[in-house]
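Here's the structure, in C-alpha cells; my notes come after.
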Amino acid sequence: MSKSTQYMLLWLEGPLQAWGHDSKFGVRDTLNFPTRSGILGLLCCARGAGGPEIEWLAQMNNLSMEVRAYARTDGKGQPYLREPALCDFQMVGSGYDDSDPWQSLLIPKTSDGKKAVGGGTKMTYRYYLQDSAFAVVLEVPQTQAESLSDVLQNPVWDLYLGRKSCVPTELIYQGLFEDTDAAWQQAKTLADKKQRLLSYAVIEGEADGDIITLNDVPVQFGQHKRYRDRRVTLLEFG
C-alpha cells in the first residue's frame with residue numbers, strides 16, 4: 001500500500017523575517033519562529049490562492065509541522081547570541097491631501113469610514129527577526145506533493161518570510177521525503193554547509209519543554225480570516 005503523505009522540507013532564511021500571530025494595527029509583533037498560518041499562507045502565495053481556502057486548510061491542518069531554528073556560529077564553531085528583534089518605526093497615512101478623492105483613500109479611517117481622531121496619520125511599530133534561519137518539515141498529502149513542489153519552485157505570486165519586505169536569500173523548497181528522518185538529515189546537511197547550529201525546535205503538542213498556546217491555525221483566509229488555537233512545545237538545544 002502506498003503512503004498517503006510525504007514530508008516537505010522548507011528552508012526559511014533572510015536578513016529579516018516577521019511571523020506575527022497577535023498583531024494590532026499600531027504594533028506588528030513577531031514570534032521567534034514561523035507560525036502555521038505563515039507557512040500555509042506562503043503555500044497559498046505559491047499556488048496563487050487568495051480566497052477563503054476553507055476546504056484546503058481543513059485538509060492541511062490535520063497534518064504535522066515541526067520547526068527548527070539554526071544559529072550562526074563564529075570562527076570557533078560557537079553560536080552567536082541571538083540578534084534582538086529590529087523595531088521599524090513607520091508613519092502611515094501622512095502627506096496625503098484629503099480633498100483629493102484618490103489620496104483620501106490612502107488615509108486611515110475609523111471602522112465607519114470617518115476621519116480618525118487626531119487626523120489620519122498613525123504611528124506604527126513593526127518588529128522583525130534578524131539574520132534567522134529555520135527549517136520546516138511539513139507533512140503534505142501525497143495527492144498534492146508534486147503540485148506543491150512545482151509551485152514553490154515556480155510560484156504564482158512572490159514568496160516572502162512573513163511580510164512582503166522580508167525577502168528570502170535561499171531557495172525555500174528543499175525537497176520531498178518519505179519520512180521525517182530523511183528530511184531532517186537534509187536540513188542538517190544544509191545547516192552544516194552554512195555553519196549553523198541547531199538552536200531550538202518547535203514541536204506540536206505538549207512535551208517536556210516550554211508549552212505555548214498559539215492562535216495560528218488558519219480556518220479561513222481571504223477577507224474574513226479566522227483562526228483557532230493549538231499547543232506547541234519549545235525545546236532548547238545547547
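Note that the coordinates shown come from a computational prediction; the quantities given were computed from them, not determined experimentally. Side chains are part of it too, since the values below use all heavy atoms of this structure and drop only hydrogens, waters and symmetry mates.
- With sequence neighbours left out, the salt bridge (Lys or Arg N to Asp or Glu O under 4.0 Å) criterion links Lys188 to Asp192.
- Distance check: Arg126 CZ to Arg28 CZ gives 5.0 Å after rounding to the nearest 0.5 Å.
- When Val67, Leu10, Asn32 are each tested for a side-chain contact (heavy atoms from CB on, under 4.5 Å) with Phe134, only one passes: Val67.
- When all heavy atoms are compared, the tightest approach of Leu176 to Ser149 is CD1-OG, 3.1 Å.
- Asp229 contributes no side-chain N or O that, together with a main-chain N or O of Asp216, makes up a donor-acceptor pair within less than 3.5 Å.
- Residues passing the side chain to side chain contact (heavy atoms under 4.5 Å, CB included) test with Val167: none are found, sequence neighbours excluded.
- Hydrophobic clustering (side-chain heavy atoms under 4.5 Å, transitive across Ile, Leu, Val, Met, Phe, Trp, Tyr) groups Leu190 together with Phe237.
- The salt bridge (Lys or Arg N to Asp or Glu O under 4.0 Å) contacts involving residues 50-59 comprise Arg47-Glu53, where partners must be two or more places apart or lie in separate chains.
- Applying the salt bridge (Lys or Arg N to Asp or Glu O under 4.0 Å) rule to pairs touching residues 57-73 yields Glu66-Arg68, Arg72-Glu83, Arg72-Asp131, sequence neighbours excluded.
- For the pair Leu9 and Ala187, the tightest heavy-atom approach, listed with the atom from each and the gap, is CD2-N, 3.7 Å.
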Would Phe33 and Ser132 count as a side chain to side chain contact (heavy atoms under 4.5 Å, CB included) if you check the C-alpha gap in whole Å, the side-chain angles of each, and the deciding distance to 0.1 Å? CA-CA 9 Å; Phe33 51 85; Ser132 296; over 6 Å; no
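- Residue Ile54 holds its CD1 atom at 6.0 Å from CZ of Arg226, rounded to the nearest 0.5 Å.
- The CZ atom of Arg163 sits 9.0 Å away from atom CG of Asp88, with the distance rounded to the nearest 0.5 Å.
- Cluster membership for Leu214 and Leu235, using ILVMFWY side-chain heavy atoms within less than 4.5 angstrom, is not shared.
- For the pair Ala85 and Tyr127, the tightest heavy-atom approach, listed with the atom from each and the gap, is CB-CD2, 4.3 Å.
- In this structure, CD in Gln195 is found 10.0 Å from CG in Asp74, a value given to the nearest 0.5 Å.
- In this structure, CD in Glu236 is found 6.0 Å from OG in Ser199, a value given to the nearest 0.5 Å.
- Residue pairs that meet the ring-ring contact (aromatic ring centres under 6.0 Å, His included) test with at least one member in residues 206-226, sequence neighbours left out, do not exist here.
- Residue pairs meeting the salt bridge (Lys or Arg N to Asp or Glu O under 4.0 Å) criterion with at least one member in residues 31-41, sequence neighbours excluded: Arg36-Glu204.
- In this structure, Leu31 and Thr35 approach most closely via the heavy-atom pair CD1-CG2, 3.5 Å.
- Counted within 6.0 Å of CG on Asp208, heavy atoms from surrounding residues, nucleotides or ligands total 12 or fewer; the atom is thus considered open.
- Residue pairs meeting the ring-ring contact (aromatic ring centres under 6.0 Å, His included) criterion with at least one member in residues 181-216: none, sequence neighbours excluded.
- For Glu206, the salt bridge (Lys or Arg N to Asp or Glu O under 4.0 Å) test picks out Arg231, with sequence neighbours left out.
- Using a distance-only test at 3.5 Å, with no hydrogens or angles considered, no donor-acceptor pair links the side chain of Thr233 to the main chain of Ile203.
- Gln17 and Gln130 share no side-chain donor-acceptor pair at under 3.5 Å.
- No path of Ile, Leu, Val, Met, Phe, Trp and Tyr side chains, each step under 4.5 Å between heavy atoms, connects Val232 with Val137, placing them in separate hydrophobic clusters.
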Stepwise side chain to side chain contact (heavy atoms under 4.5 Å, CB included) test for Leu152 and Leu159: CA-CA 8 Å; Leu152 281 169; Leu159 303 183; 4.2 Å; yes
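- Leu138 and Tyr160 sit in two unconnected hydrophobic clusters of ILVMFWY residues. Membership requires side-chain heavy atoms under 4.5 Å apart, directly or through other members.
- Residue pairs meeting the ring-ring contact (aromatic ring centres under 6.0 Å, His included) criterion with at least one member in residues 48-72, sequence neighbours excluded, are Trp11-Tyr70.
- Residues Leu57 and Leu40 have side chains in contact (heavy-atom distance under 4.5 Å, counting atoms from C-beta outward).
- In the displayed structure, Tyr227 atom OH is contacted under 6.0 Å by more than 12 heavy atoms of other residues, nucleotides or ligands.
- Side chains of Gln186 and Gln174: no donor on one and acceptor on the other come within 3.5 Å.
- Among Glu139, Arg230, Met8, the one residue that satisfies the side-chain contact (heavy atoms from CB on, under 4.5 Å) test with Met65 is Arg230.
- Under a 4.5 Å side-chain heavy-atom criterion applied to ILVMFWY residues, the cluster that includes Tyr128 comprises Leu16, Leu86 as well.
- Gln142 and Ser4 share no side-chain donor-acceptor pair at under 3.5 Å.
- For the residue pair Trp19 and Leu129, the shortest heavy atom distance occurs at CD1-CD1, 4.1 Å.
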Show your reasoning for whether salt bridge (charged side-chain N to carboxylate O under 4.0 Å, His left out) applies to Asp158 and Lys164. CA-CA 8 Å; Asp158 291 340; Lys164 290 183 179 179; over 6 Å; no
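- Hydrophobic cluster membership for Val217: none, as no Ile, Leu, Val, Met, Phe, Trp or Tyr side chain comes under 4.5 Å of it.
- The backbone N or O of Gln144 sits less than 3.5 Å from a side-chain atom of Ser147, completing a donor-acceptor pair.
- In terms of heavy-atom proximity, Ile39 sits nearest to Pro34 at CD1-CB, 4.0 Å.
- Placement of Tyr173 and Phe177 in two distinct hydrophobic clusters is found when ILVMFWY residues are connected by side-chain heavy-atom separations under 4.5 Å, directly or transitively.
- Under the 4.5 Å side-chain criterion, counting only non-hydrogen atoms from C-beta, Pro141 is in contact with Gln59.
- Counting heavy atoms of neighbouring residues, nucleotides and ligands inside a 6.0 Å radius, atom CD of Glu146 does not exceed 12 of them.
- Clustering of Ile, Leu, Val, Met, Phe, Trp and Tyr by side-chain heavy atoms under 4.5 Å joins Val156 with Trp157.
- With a 4.5 Å cut-off on side-chain heavy atoms, Leu12 and Pro168 do not count as touching.
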